[in-house]
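Everything below concerns the one structure shown next.
Keep in mind it's a predicted model, so treat the numbers as computed, not measured. Letters A, B, ... mirror the listed sequences (proteins, then strands); counts begin at 1.
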2 protein chains.
Amino acid sequence: MRTTPSAAAAPDAEAAKKLRPGRTNATKQKLFDASMELIGERGAAGATVDEIAAAAGVSKGTVYYNFGSKSDLIAQLLRHGVDILISRLLSVTDESADPLAAMDEMIGQAMDFMAEYPSFARLWMSESWRTPSEWQDTFAELRGPLLGVIGAAIEAVAAKYPVDPAISRGSLETAIFGACFVVGLDRKTYHPERTRAQSVAAIMAIMRGYVVK
Amino acid sequence: MRTTPSAAAAPDAEAAKKLRPGRTNATKQKLFDASMELIGERGAAGATVDEIAAAAGVSKGTVYYNFGSKSDLIAQLLRHGVDILISRLLSVTDESADPLAAMDEMIGQAMDFMAEYPSFARLWMSESWRTPSEWQDTFAELRGPLLGVIGAAIEAVAAKYPVDPAISRGSLETAIFGACFVVGLDRKTYHPERTRAQSVAAIMAIMRGYVVK
DNA sequence: CTAACTGAACTGACCGGTCAGTTCAAATAG
DNA sequence: CTATTTGAACTGACCGGTCAGTTCAGTTAG
């Protein structure tokens with residue numbers, strides 16, 4: 001990607017997008033869908049811009065009109081996916097209910113998300129730990145809010161139940177987060193016979209083990 | 001797998017090693033080390049054979065002499081890594097000890113492995129769920145034995161403690177497996193301050209939640 | 001003892017092909 | 001009229017895989 005000296009028109013489209021709500025968003029959405037699919041399959045490096053454009057039913061030039069670069073497209077894809085996932089997780093936040101039941105439902109929502117957007121999950125797993133990565137800033141920025149949602153749910157449990165003080169919240173967040181992604185992807189890829197409830201139950205064991213007996 | 005040029009000699013490494021001391025295996029090992037590093041960083045598609053050869057201090061042709069193709073190299077890399085991981089996990093199998101303590105140590109071994117071979121962990125996470133993948137047969141073949149080791153440890157716990165029958169062994173295996181990889185990688189990449197004990201404790205919560213109160 | 005020979009290991013230039021990125025004139029649509 | 005899209009052309013870099021040739025430890029023959 002190097003220096004993109006004359007990436008002139010596209011960055012301005014960012015601001016203009018709000019003013020002109022025409023087909024731009026529809027095109028962007030098609031591009032998001034197609035990219036998600038292809039990048040999930042072939043990987044970020046393996047999916048070509050030509051393929052993405054073709055899959056979206058759009059010309060290559062349109063990709064560069066809507067996004068400044070392939071890198072940009074992927075960064076926005078990451079943001080888009082995280083937005084969806086967070087809103088799903090937040091949709092079950094219910095202050096009145098039992099925090100453990102809320103956590104159960106939250107994990108269920110995560111399973112649904114993984115089933116619906118496995119390509120996003122694959123993309124995240126593929127790229128998030130890449131050490132010099134083009135999107136490491138993006139990941140650094142998105143990790144916090146995402147893990148924060150899980151952290152808040154854990155906090156709610158800890159506020160109502162006695163929990164093991166030897167277990168750090170951060171490590172627990174990560175363990176649950178990781179279990180959700182891996183169990184969700186594994187179900188999709190290798191064990192379609194496993195039910196949502198089964199997967200949730202296995203991941204919930206970690207919360208039940210966190211609460212002291 | 002085609003015909004790997006060295007395939008004639010390599011399988012009988014025991015016998016061949018006597019006749020051809022050293023160099024072959026040394027070169028392959030250097031290639032393994034360099035590939036693991038580079039592929040972990042840039043991904044399987046992103047790492048070039050030229051880079052790998054240069055990093056190993058060897059010419060490109062040597063890569064193709066020792067391995068039939070880039071794909072072959074990666075498949076063998078996967079096998080090599082799994083061999084190491086399984087042997088580490090098996091090293092703590094202690095029939096006489098408490099199964100929960102054995103599981104604790106096994107997870108600790110997994111953490112050590114992730115700290116030592118983060119590139120292998122990244123490679124696994126990147127490629128194992130890729131749907132048409134060049135290595136899907138390899139993954140299919142390696143998953144069983146690997147998860148089986150964890151499964152046996154779970155079985156040992158279930159044999160000695162009362163456990164939640166609603167939780168399937170398969171899903172539990174996957175959840176622990178996933179938590180180990182993600183917690184291990186996250187520690188390496190984003191939270192080096194987290195201790196091994198902390199990480200193990202968080203993952204062990206899943207086992208403690210599996211045992212009924 | 002040594003010259004000739006063998007073949008596994010290794011080299012690196014080279015080839016055919018692909019890709020990301022860029023540009024632009026023309027078409028399209030609100 | 002203006003924002004958006006098209007589609008093709010082009011470039012410059014890069015990449016996987018090939019192959020003719022080199023090296024050299026060890027074997028054989030004289």
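- Counting to the nearest Å, the C1' atom of C/dG12 and the CD1 atom of B/Ile52 are 17 Å from each other.
- We find that CD of B/Glu51 is positioned 18 Å from P of C/dG12, with the value rounded to whole Å.
- For the residue pair A/Thr62 / A/Ser59, a side-chain donor-acceptor distance below 3.5 Å is found, with atom types taken as modelled.
- For A/Ser59, a side-chain nitrogen or oxygen approaches OP1 or OP2 of D/dT6 to under 4.0 Å.
- Checking the phosphate oxygens (OP1, OP2) of D/dT6, a side-chain nitrogen or oxygen of A/Thr62 falls inside 4.0 Å.
- With salt bridges taken as basic N to acidic carboxylate O contacts below 4.0 Å, none links A/Asp112 and A/Arg88.
- For the 3.5 Å distance criterion, the side chains of A/Thr48 and A/Arg42 fail to qualify, holding no donor opposite an acceptor.
- Taking atom CG of residue B/Leu31 and atom P of nucleotide C/dA9, one finds them 13 Å apart after rounding to whole Å.
- Ionic pairing of B/Glu41 and A/Arg130 is not present here: no N-O contact between side-chain nitrogen and carboxylate oxygen is shorter than 4.0 angstrom.
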Using atom names, set out every protein N or O paired with an N or O of nucleotides 16-19 of chain D below 3.5 Å, distance rounded to 0.1 Å.
residue	atom	partner	partner atom	Å
D/dG16	OP1	B/Lys70	NZ	2.8
D/dG16	OP2	B/Val49	N	3.0
D/dG16	N7	B/Lys60	NZ	2.7
D/dG17	OP2	B/Tyr64	OH	2.7
D/dG17	OP2	B/Lys70	N	3.2
D/dG17	N7	B/Lys60	NZ	3.2
D/dG17	O6	B/Lys60	NZ	2.7

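- At D/dT4, one or more side-chain N or O atoms of A/Tyr65 fall inside 4.0 Å of OP1 or OP2 (strictly under the cut-off).
- Taking 4.0 angstrom as the limit, B/Asn66 places none of its side-chain polar atoms (N or O) nearer than this to OP1 or OP2 of C/dA8.
- Within the 4.0 Å cut-off from OP1 or OP2 of C/dC10, at least one side-chain nitrogen or oxygen of B/Thr27 is found.
- Between A/Arg187 and A/Glu193 there is no salt bridge, since no side-chain nitrogen of the basic residue lies less than 4.0 Å from a carboxylate oxygen of the acidic one.
- B/Ser171 and B/Ser168 share a donor-acceptor pair across their side chains, judged by distance under 3.5 Å alone.
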